[in-house]
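Okay, so here's the structure we're looking at.
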Amino acid sequence: MAAKTDESSPAVAPVAGGSSSPVPSSGRHQLRPVKFDYADSFACTYIVSVVAASIAELATYPLDLTKTRLQIQGEGAAQSAGKSNMQYRGMVATAFGIAREEGALKLWQGVTPALYRHVVYSGVRICSYDLMRKEFTENGSQALPVWKSALCGVTAGAVAQWLASPADLVKVQIQMEGRRRLMGEKPRVHSAGHAFREIVQRGGVKGLWKGSIPNVQRAALVNLGDLTTYDTIKHLIMDRLQMPDCHTVHVLASICAGFVAAIMGTPADVVKTRIMNQPTDEKGRGLLYRGSVDCLRQTVGREGFVALYKGFLPCWIRMAPWSLTFWLSFEQIRKMIGASGY
């Protein structure tokens with residue numbers, strides 16, 4: 001009987017001395033390591049993180065706009081001592097009110113600078129976290145101790161947000177324009193480009209980083225919750241439950257990450273939003289708050305500690321699906337191009 005040829009076995013070629021050595025059997029296997037290296041490269045990881053973040057941002061942006069409006073409502077009422085036209089609304093009423101009074105498409109008002117922000121923010125935070133994680137482990141695939149993961153998450157979030165702070169400032173100011181016009185106030189900006197020019201004209205290039213301190217603080221806390229929780233929970237589930245790197249693991253880890261990120265980041269988010277939204281004088285100095293500490297003190301003094309969690313529900317409801325959409329998109333795209341699990 002003729003022996004069968006095992007197509008899956010590598011071809012063997014004779015070499016000097018009568019021994020033989022394996023020779024790759026197909027070009028496909030030869031190219032696989034090259035594809036893997038490219039897919040796991042810094043540039044590819046950066047691009048994939050930006051694409052995944054853009055998908056998540058477009059899907060959940062109306063909740064971000066609703067959260068911002070809720071955070072500003074209490075501020076306006078407190079300062080006007082009941083004389084403001086601004087009504088207190090809940091999350092659902094605010095969202096439906098925006099759609100009814102300003103138009104459904106206004107729920108995506110300010111999404112352009114938000115997408116610009118993620119070109120810098122998401123790319124930097126994911127890649128910098130990955131680089132730091134690889135410094136602490138052999139190849140970045142092992143689980144980090146929680147304190148090391150927390151250090152990486154805080155650092156990655158702070159650096160990324162500081163670089164992306166100008167886009168965040170433009171986004172917040174555009175988000176509030178629809179409400180200002182309904183209240184009969186004079187429009188401040190008409191587009192992302194106009195907002196950018198107005199900020200530079202009033203406060204110079206330095207003015208683009210107005211509110212950057214609470215912004216960086218918030219991002220550090222959010223990424224402490226998001227990156228650290230996702231990385232830790234993902235590896236914990238895989239190790240303890242002996243589960244593969246699959247969608248179920250991604251869903252569970254991302255839900256936990258969104259919840260922790262919302263708890264840790266909402267107080268700093270309230271302070272950041274109020275500082276960025278406050279009017280400024282001709283020199284670009286804030287007229288309501290001297291800084292993040294002053295804003296924190298005034299907010300708690302006038303409205304109580306619970307005011308620091310204004311917009312928590314839409315913040316959490318947004319962060320949960322945002323985190324879920326981002327991590328599922330991110331992991332799926334990496335899998336499609338042949339990269340390893342994050």
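What you see below is based on every heavy atom in this structure, not just the backbone, and it leaves out hydrogens, waters and symmetry mates. Throughout, residue positions are numbered sequentially from 1 according to the sequence presented. Quantities reported herein were computed from a predicted structural model and do not represent experimental measurements.
The one candidate from K335, R334, K234 that meets the salt bridge (charged side-chain N to carboxylate O under 4.0 Å, His left out) condition with D245 is K234.
With hydrogens and angles ignored, the 3.5 Å screen pairs no side-chain donor or acceptor of S149 with any backbone N or O of P145. Not a single donor-acceptor pair under 3.5 Å links the side chain of T228 to the backbone N or O of G225. Of the possible donor and acceptor atoms, one in the side chain of W108 sits under 3.5 Å from a partner among the backbone N and O of L58. Formation of a donor-acceptor pair under 3.5 Å by the S54 side chain with backbone atoms of L115 is not found in this model. Remark: the backbone N or O of Y46 is paired with a side-chain donor or acceptor of S49 at under 3.5 angstrom.
By the 4.5 Å heavy-atom criterion applied to side chains, V48 and F330 are counted as neighbours. Between V124 and V159, the closest side-chain pair of non-hydrogen atoms falls below 4.5 Å.
Nearest approach of K171 to A114, heavy atoms of both residues: CD-CB, 3.6 Å. Pairing each heavy atom of F42 with each of L131, the nearest pair is CE1-CD1, 3.8 Å.
Relative ring orientation between W322 and F326 is described as parallel, the plane-to-plane angle staying below 30° on a 0-90° scale split at 30° and 60°. Between F312 and Y309, the angle of the ring planes goes over 60°, which puts this pair in the perpendicular group of the 30/60° scheme.
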Verify side chain to side chain contact (heavy atoms under 4.5 Å, CB included) between Q161 and V222, making sure each step is shown before the conclusion.
-> CA-CA 11 Å; Q161 185 54 63; V222 167; over 6 Å; no
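Between the side chains of H247 and E331, no donor N or O sits under 3.5 Å from an acceptor N or O. Side-chain contact, Y129 with D231: a donor N or O sits under 3.5 Å from an acceptor N or O.
Under a cutoff of 6.0 Å and an axis angle of 45°, R100 and F96 do not form a cation-pi pair. Remark: R125 fails to qualify as a cation-pi partner of Y230 under the 6.0 Å distance and 45° angle criteria applied to the six-membered ring.
The number of heavy atoms from other shown groups lying within 6.0 Å of CG (L105) does not exceed 12. Other residues, nucleotides and ligands contribute at most 12 non-hydrogen atoms within 6.0 Å of the CZ atom of F196.
Clustering ILVMFWY residues whenever any of their side-chain heavy atoms sit less than 4.5 angstrom apart, transitively, puts V260 in a cluster other than the one holding L328.
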